[in-house]
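See below for the structure under consideration.
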Amino acid sequence: MNVLAIESSCDETSVAIVDAGKNVLANLVSSQIAEHRPYGGVVPEIAARAHLEIISPLVDRAFAEAKISPEQIALVAATRGPGLASSLLIGHSFAKGLALSLGKPFIGINHLHGHLLSPLLSGQMAASDLFPNISLIVSGGHTLLLHVRAADDFEKIGSTLDDAAGEAFDKTAKLLGLDYPGGPLIDHHAGTGDPTLYEFPRGLARHPNYDFSFSGLKTAVRYFLEKQPPGFIAGNLPDLCAGIQESICSVLVDKTVRAAKDYQVKTVTVSGGVSCNSRLRGLFETTCFERGLQLHLCPPLFSTDNAAMIGLVAAHLSEKGIPADANADIAPNLGF
Ligand code: KG4
Ligand code: ZN
């Protein structure tokens, strides 16, 4: 059973085809980062127009790359939310129209469910090996900690009270004069920096709950920089990036590992765009090894927004039959 999936919740248009064995036959991603960069963030109108222009050719290319014809598709899936309404609408409507024209069922998918199952896209384990676990989802819009019992059975145990981890990277990067999105640039510059030279607040680190807070970090960095002499950032960029990165990563790792202990699970997964961060990956690897925890990091290729993860969720959910609400409208504020 081949699934064709479309993801268009923010600034990436993606089309994927996933086969019956949940192998990814094609996963094409068209990023709009260059179009949004001059504005320092995602501009909804620009995003919607770019989705509209690229979606049809991207679907054609996905069929060509997967070497299958439209008749071989058994199910069409698209992200239903959360995300930007005007962006969601384009992928969701296109996918529904395609399903209708092919006479195949349609299923709307929660974007966060996609990130949650994305570590399975490494292809190196059966779904049963992944559960039960504690899963951290860290992206530009979300920071969530979940206790996961099965692919469709999970509960949220913590989330950010303000900025998402990716937002914390992007906003502090902006204060340092770095381009959008700043996360990968902080990661790059931090590589040669000393994380102990400039220490910034670690939001809610000592609180016994599993929630996160990153807005204090942004404010602390701003006040700290305002007190420095001209040229300070240029002369200290790697150390500043390393300090900021450490304050974000250490709290993410500490709380995830603590949850694994409290919920008595032996497996941890990490997904979402921020899971590309090299320090976060390294810190999770050493900490999980020390604690005897199995770690499944999402492959970087599937960490940022992609349709393969949406197709994967659709394949899992449809095994129990197409859900009653599969045709529901887009939901920009869809929870998880
Ligand atoms: O999952 P994603 O593509 O989109 C959302 O659903 O939000 O995540 C994008 C976020 C951005 O904030 C970006 O700065 C961050 O992921 N990111 C990184 C790295 N690569 C992407 N943050 C830190 N280090 C990285 N290497
Ligand atoms: Zn995402």
Output yes when a side-chain donor or acceptor of [X] lies under 3.5 Å from a complementary backbone atom of [Y], and no otherwise.
X    : Y    : result
D163 : A168 : no
T172 : F169 : yes
D11  : I33  : no
D239 : D194 : yes

Should the pair R202-D254 be classified as a salt bridge under the 4.0 Å nitrogen-to-oxygen rule? no
Salt bridge check: are E35 and R49 linked by an N-O gap of less than 4.0 Å? no
Taking the side chain as C-beta and beyond, is there a heavy-atom pair between Y263 and E155 under 4.5 Å? yes
Note, F212 side chain near L136 side chain (heavy atom, < 4.5 Å): yes
Are L217 and L204 connected in the hydrophobic side-chain network, where two residues link if heavy atoms are under 4.5 Å apart? no
Taking all non-hydrogen atoms of both residues, which atom of L89 and which atom of I330 are closest, and how far apart? CD1-CD1, 3.9 Å
Scanning both residues in full, the closest heavy-atom pair of T143 with A165 reads OG1-N, 2.8 Å
Do S69 and Q72 have side-chain N/O donor and acceptor atoms under 3.5 Å apart? yes
Check whether the ring centres of F232 and F224 lie less than 6.0 Å apart, and answer yes or no. yes
Once you measure the plane-to-plane angle for F106 and H92, does it fall in the parallel (<30°), tilted (30-60°) or perpendicular (>60°) bin? perpendicular
Have a look at N306 and tell me which of V15, L28, L121 forms a side chain to side chain contact (heavy atoms under 4.5 Å, CB included) with it. L121
How would you list all residue pairs meeting side-chain hydrogen bond (donor to acceptor under 3.5 Å, both in side chains) that involve residues 102-128, not counting sequence neighbours? E7-H111, S9-H111, H111-H115, H111-D305, H115-D305
